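These values consider heavy atoms only, across backbone and side chains, with no hydrogens, waters or symmetry-generated copies. One-based numbering, in listed order, for ligands and for the atoms of each. Heads up: numbering here begins at 1 and tracks the sequence. Nothing here was measured: the structure is a model prediction, and the numbers come from that model.
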Amino acid sequence: MTADARARLPSIDRLLGSPEAEALIASHGRPLTLEALRVALDGLRAKPPKDSADPAALALGDAAARLARLARPSQRRVFTLTGTVLHTNLGRALLPEEAIEAVAAAMREPSNLEYEVSSGRRGERDSHIVSWLTRFSGAEAATVVNNNAAAVLLVLNTLAKGKEAVVSRGELVEIGGAFRIPDVMARAGAKLVEIGTTNRTHLRDYEQAIGDRTALLMKVHTSNYRIDGFTASVAARDIAPVAKARGLPLVEDLGSGTLVDLKPYGLPHEPTVAESVAAGADLVTFSGDKLLGGPQAGMIVGRADLIARINRNPLKRALRLDKMRLAALEAVLRLYADPEKLRRRLPTIRHLARPKAEIEALAVRLLPAVAAAFAAHATVTLAECASQIGSGAMPVEDLPSAGLKFSPSSGGADRLAKRLRDLPIPVIGRIAEDAVILDLRCLEDEAAFLAQLRP
Ligand SMILES: *Cc1c(COP(=O)(O)O)cnc(C)c1O
């Protein structure tokens with residue numbers, strides 16, 4: 001850099017005294033503004049501007065852009081139009097307004113989180129949700145922790161530490177993101193005893209595996225895959241009598257789990273928690289933010305004596321829920337008391353049960369504006385698509401849906417997908433056959449979607 005060019009750069013003090021910098025300080029604070037201006041000046045020093053340019057204006061503009069990026073929340077809203085309703089990377093279940101209000105109230109003011117108002121004594125934080133869970137599951141008792149992975153870890157650590165847990169080879173699943181049953185077993189301090197083969201496990205396999213060191217028998221929902229063909233597995237209802245005769249608990253990890261039969265909502269049958277309890281499982285674990293449609297949580301329901309042991313495990317304290325999630329969970333569980341309300345109010349059920357005709361009508365309404373907005377980059381047409389429930393529930397069942405297909409005029413589907421993600425509220429679709437597909441099943445805020453397409 002020449003001495004001349006350097007001389008043209010404004011001093012940091014001169015920049016700070018400008019009205020533009022004052023405005024930046026007012027919205028972003030002095031330390032961040034100072035930092036952004038220093039970085040901008042360093043940039044100009046490294047790459048001097050053209051003689052015609054005003055270096056002060058360049059530095060202030062660069063700092064303003066930098067500060068605007070910093071001010072934007074890192075976790076922000078997106079449109080999830082991938083066709084997967086419960087998408088782990090996009091936050092899984094959306095919460096109903098009832099839960100959102102309950103969370104806000106729990107954050108804003110003190111509450112009786114662990115306090116019995118009637119007696120003035122210390123209370124139990126789980127008490128706010130236990131009666132709902134026992135009511136809907138038919139179980140004697142319930143407890144709740146951070147997520148279902150934690151629920152499985154806690155159950156195994158409490159009941160099978162230093163002992164053996166028997167699981168079918170056909171159920172040694174890996175759930176996305178490093179949750180593998182054998183690894184969780186090891187971390188819990190339990191020894192895994194694998195029985196049967198990948199495709200076939202029989203009741204006699206369970207009977208023969210039981211020995212002096214056996215602590216429990218376990219069934220795991222094979223959430224994200226299905227084995228077809230020459231297969232055999234043993235239902236909980238058939239294992240339960242064997243477990244009972246030997247005085248061993250039968251534990252079932254239901255994965256997604258659902259509190260209600262989804263058939264009346266036009267969905268395929270998924271085993272309910274109550275069915276598992278009725279079949280004789282002594283403990284059942286399931287997620288809060290999969291089909292249940294609530295906050296991230298891991299529910300454990302079952303025999304009162306086993307739940308009491310789990311609650312005494314110091315790990316329970318490390319894995320407990322905070323007041324916000326308990327407030328959200330309580331509000332969501334209350335909705336389950338009224339199936340009609342549930343369909344209208346719970347976003348997960350509302351999205352899963354949304355009729356194809358309604359989604360199609362939405363696609364037809366959106367098409368002209370979307371096609372016009374993308375005319376320079378793609379041909380947009382109506383598309384038939386198939387949504388997935390996601391998060392391991394019914395992995396091979398599709399829900400007929402409708403959407404928009406963007407066929408790129410040039411540059412490929414990746415560029416087009418990026419263009420959609422670069423909108424103020426990123427639109428996340430899916431790429432198939434060199435086109436971008438937006439499945440409209442989960443689009444409810446039509447106005448916000450359209451508003452950001454206008455130039
Ligand atoms: C999803 C799943 C888990 C993990 O549940 P999280 O709530 O995500 O921790 C565990 N087991 C099975 C069978 C699952 O499907």
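Of the protein's non-hydrogen atoms, Ser287 OG, 2.6 Å is the one closest to atom 7 (O) of ligand 1. Residue, atom and distance of the protein heavy atom nearest to atom 13 (C) of ligand 1 are Ser223 OG, 3.2 Å. In this structure, atom 1 (C) of ligand 1 lies nearest to the protein heavy atom Lys290 NZ, 1.4 Å. Residue, atom and distance of the protein heavy atom nearest to atom 9 (O) of ligand 1 are Ala149 N, 2.9 Å. Protein heavy atom in closest approach to atom 10 (C) of ligand 1: Asn148 ND2, 3.2 Å.
At distances below 3.5 Å, not a single donor-acceptor pair connects side-chain atoms of Thr143 with backbone N or O atoms of Ile307.
Of the N or O atoms in His221, none lie within a sub-3.5 Å distance of an N or O in ligand 1. Where the criterion is an N or O separation shorter than 3.5 Å, residue side chain and backbone included, Asp253 meets it with respect to ligand 1.
Geometrically, Arg334 does not engage Tyr336 in a cation-pi contact defined by less than 6.0 Å to the ring centre and at most 45° from the axis.
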* Working for salt bridge (charged side-chain N to carboxylate O under 4.0 Å, His left out), residues Asp422 and Arg419 -> CA-CA 5 Å; Asp422 283 342; Arg419 196 174 283 282; over 6 Å; no
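Applying the salt bridge (charged side-chain N to carboxylate O under 4.0 Å, His left out) criterion to Arg303, with sequence neighbours excluded, gives Asp282, Asp305. A search for side chain to side chain donor-acceptor pair (under 3.5 Å) contacts involving Glu98 returns Arg345, not counting sequence neighbours.
Using a 30° and 60° split on the angle between ring planes, Phe374 and His377 fall in the perpendicular class, above 60°.
If you look at Arg92 next to ligand 1, the close heavy atoms, those under 4.0 Å, all belong to the side chain. Contact annotation: for Gln296 versus ligand 1, there are no heavy atoms closer than 4.0 Å.
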